[in-house]
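All remarks here apply to the structure that follows.
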Amino acid sequence: MIDPNKLYQLQPGQKRRKLALTFGELERDIAGIPEPGMEYNFTRMTRQEYTKTVCRIVLEDPQLPEDTAAELKKLIESPEFDERRVCNFARNALLALIGTFPAEWDLVIAPHSSDKLTVEKRNFFKGVCVYAEDLRSPFNIGSVFRTAEAMGCEKVYISPNCTDPAQTKAVRSSMGCIDTLGYTRCSLDELPEDVPVFVLETGGTPIDKFEFPREGIVIIGSEELGVSPEALKRATYGRVTIPMTGLKASLNVGVAFGILMQKWNEALRGE
């Protein structure tokens with residue numbers, strides 16, 4: 001961990017890169033899996049105090065978007081201070097400024113006729129929607145759009161902190177489906193209130209026993225932290241889980257969404 005006072009001696013670009021590395025080190029330490037020699041060991045302040053200190057240095061960055069700064073400040077000042085979520089948010093905000101994302105892919109879109117990719121000609125299940133919460137990887141957000149279109153979602157919602165679907169690698173991995181589907185960027189509070197909302201997350205009803213609604217919105221969470229506490233509260237219809245047997249017991253968010261959509265399709269078709 002770097003001494004916060006030394007960060008002020010760095011140039012803006014160097015400072016952002018060092019801060020991003022620092023937040024990554026903090027996340028691993030919080031999770032109990034620090035790299036050897038990277039354990040938190042500052043004696044003059046607690047780790048939470050250190051986290052808040054370096055976050056305030058991020059807030060001083062003149063290129064930090066206003067909405068990102070406001071959200072980071074809210075997370076820092078929250079009575080229920082979630083140290084790991086704060087570090088994750090700050091690190092990804094810095095990566096966006098640097099121009100580096102958690103996953104960078106270079107896929108080629110298969111040839112297609114754009115005049116056939118129109119929303120009016122799509123077949124979909126009315127009212128079947130997905131809300132992507134804070135997905136950071138352009139590959140993953142593109143993959144979600146591709147699956148959503150293929151499996152008959154009517155609409156895609158994305159959170160304010162999702163990576164930009166217009167990002168080149170997102171467009172490529174979506175195979176043109178971002179233009180086909182379109183999307184609405186909104187907060188959890190702005191989701192329609194008259195439809196069932198559920199989450200895809202661990203600790204819920206096994207997917208084979210879950211009663212999928214005829215219409216509804218499924219919330220899928222970020223690559224690193226899953227769905228937020230706020231999303232869990234918003235999901236009044238419940239929580240669905242994909243049982244796993246491996247040691248890692250972890251799936252890429254795009255893969256997990258694909259499994260869920262297959263099961264939802266089966267339920268809608270009465271299979």
Looking at CZ of Phe89 and CZ of Arg136, how far apart are the two atoms once the value is rounded to the nearest 0.5 Å?
6.0 Å
Under a single-linkage definition using a 4.5 Å side-chain heavy-atom cutoff for Ile, Leu, Val, Met, Phe, Trp and Tyr, are Leu268 and Phe212 assigned to the same hydrophobic cluster?
yes
Co-membership, hydrophobic cluster, residues Met38 and Ile33, 4.5 Å side-chain:
no
Mind checking whether Asp3 and Arg44 have side chains closer than 4.5 Å, heavy atoms only?
yes
Between Trp264 and Phe198, how do the two ring planes meet: parallel, tilted or perpendicular, split at 30° and 60°?
perpendicular
Of all residues at least two apart in sequence or in a different chain, which pass the side-chain hydrogen bond (donor to acceptor under 3.5 Å, both in side chains) check with Lys263?
Asp208
Salt bridge (Lys or Arg N to Asp or Glu O under 4.0 Å) contacts touching residues 75-87 (sequence neighbours left out):
Arg47-Glu83, Asp82-Arg85
Using the rule side chain to side chain contact (heavy atoms under 4.5 Å, CB included), only one of Lys18, Arg16, Gln11 pairs with Gln14; which is it?
Gln11
Below 4.5 Å, heavy atoms only, C-beta onward: do Met261 and Val130 meet side chain to side chain?
no
Is any side-chain heavy atom of Pro34 closer than 4.5 Å to one of Tyr40?
no
Taking the side chain from Tyr131 and the backbone from Cys186, do they hold a donor-acceptor pair closer than 3.5 Å?
yes
Got a second to check how far Asn265's CG is from Gln262's CD, nearest 0.5 Å?
6.0 Å
Minimum heavy-atom separation for Met45 to Tyr50, with atom names?
SD-CA, 3.4 Å
Hey, what do you get for CG (Leu135) to CG (Asn140), rounding to the nearest 0.5 Å?
5.5 Å
I'd like to know if the side chain of Asn161 pairs up with that of Glu71 as donor and acceptor (distance under 3.5 Å, no hydrogens or angles considered).
no
From Leu95 atom CG to Phe23 atom CZ, the distance as rounded to the nearest 0.5 Å:
11.0 Å
Please report the closest heavy-atom contact between Glu215 and Lys126, naming both atoms and the distance.
CG-O, 3.2 Å
For the side chain of Glu39 and the backbone of Gly37, is there at least one donor-acceptor N/O pair under 3.5 Å apart?
yes
Would you indicate whether the side-chain heavy atoms of Arg91 and Leu26 approach each other to under 4.5 Å?
no
Could you tell me whether the side chain of Glu223 and the main chain of Ser137 form a donor-acceptor pair under 3.5 Å?
yes
CZ of Arg146 to CZ of Arg172, rounded to nearest 0.5 Å, is 14.5 Å
Pairs satisfying side chain to side chain donor-acceptor pair (under 3.5 Å), at least one member in residues 183-205, at least two apart:
Lys155-Thr184, Ser187-Glu190
Are the side chains of Lys169 and Phe139 in touch, meaning some heavy atoms are under 4.5 Å apart?
no
In terms of hydrophobic clustering (I, L, V, M, F, W, Y; side-chain heavy atoms under 4.5 Å; direct or indirect links), are Leu260 and Met244 co-clustered?
yes
Mind checking the CZ-CE spacing from Phe125 to Met151? Nearest 0.5 Å is all I need.
8.0 Å
Clusters formed by hydrophobic residues whose side-chain heavy atoms approach within less than 4.5 Å: which one holds Leu247, and what are its other members?
none
Kindly work out whether a path of hydrophobic side-chain contacts (I/L/V/M/F/W/Y, heavy atoms less than 4.5 Å apart) joins Ile158 to Leu181.
yes
When you look at Arg239 and Val227, which way does the side-chain contact (heavy atoms from CB on, under 4.5 Å) test go after all the steps?
CA-CA 11 Å; Arg239 183 191 310 201; Val227 299; over 6 Å; no
Could you give all pairs that pass the ring pair (Phe, Tyr, Trp, His ring centres under 6.0 Å) test and reach residues 224-245, with sequence neighbours left out?
Phe210-Tyr237
Test item: Ile219 and Leu188 side chains (from C-beta on) under 4.5 Å apart, heavy atoms
yes
Residues forming a side-chain hydrogen bond (donor to acceptor under 3.5 Å, both in side chains) with Glu25, sequence neighbours excluded
none
Side chains of Glu230 and Lys233, heavy atoms from C-beta outward: is any pair under 4.5 Å?
no
For Leu251 and Ile259, which heavy atoms make the closest approach, and how far apart are they?
CD1-CD1, 3.9 Å
With the threshold set at 4.0 Å, does a side-chain nitrogen-carboxylate oxygen contact exist between Arg234 and Glu133?
no
Same cluster or not: Val128 versus Leu191, using hydrophobic residues (I, L, V, M, F, W, Y) connected whenever any side-chain heavy atoms lie under 4.5 Å apart?
no
Note: Pro4 and Ile57 closest approach over all heavy atoms is O-CD1, 3.9 Å
Atom of Ala132, atom of Ile141 and distance for their closest heavy-atom approach
CB-CD1, 3.9 Å
Using modelled atom types only, decide if a donor and an acceptor are shared between the side chain of Ser78 and the backbone of Leu75 within a distance under 3.5 Å.
no
Name of the residue among Ser228, Ser222, Ser159 meeting side chain to side chain donor-acceptor pair (under 3.5 Å) with Asp134:
Ser159
For Ala148 versus Phe257, what's the shortest heavy-atom pair and its separation?
N-CE2, 3.8 Å
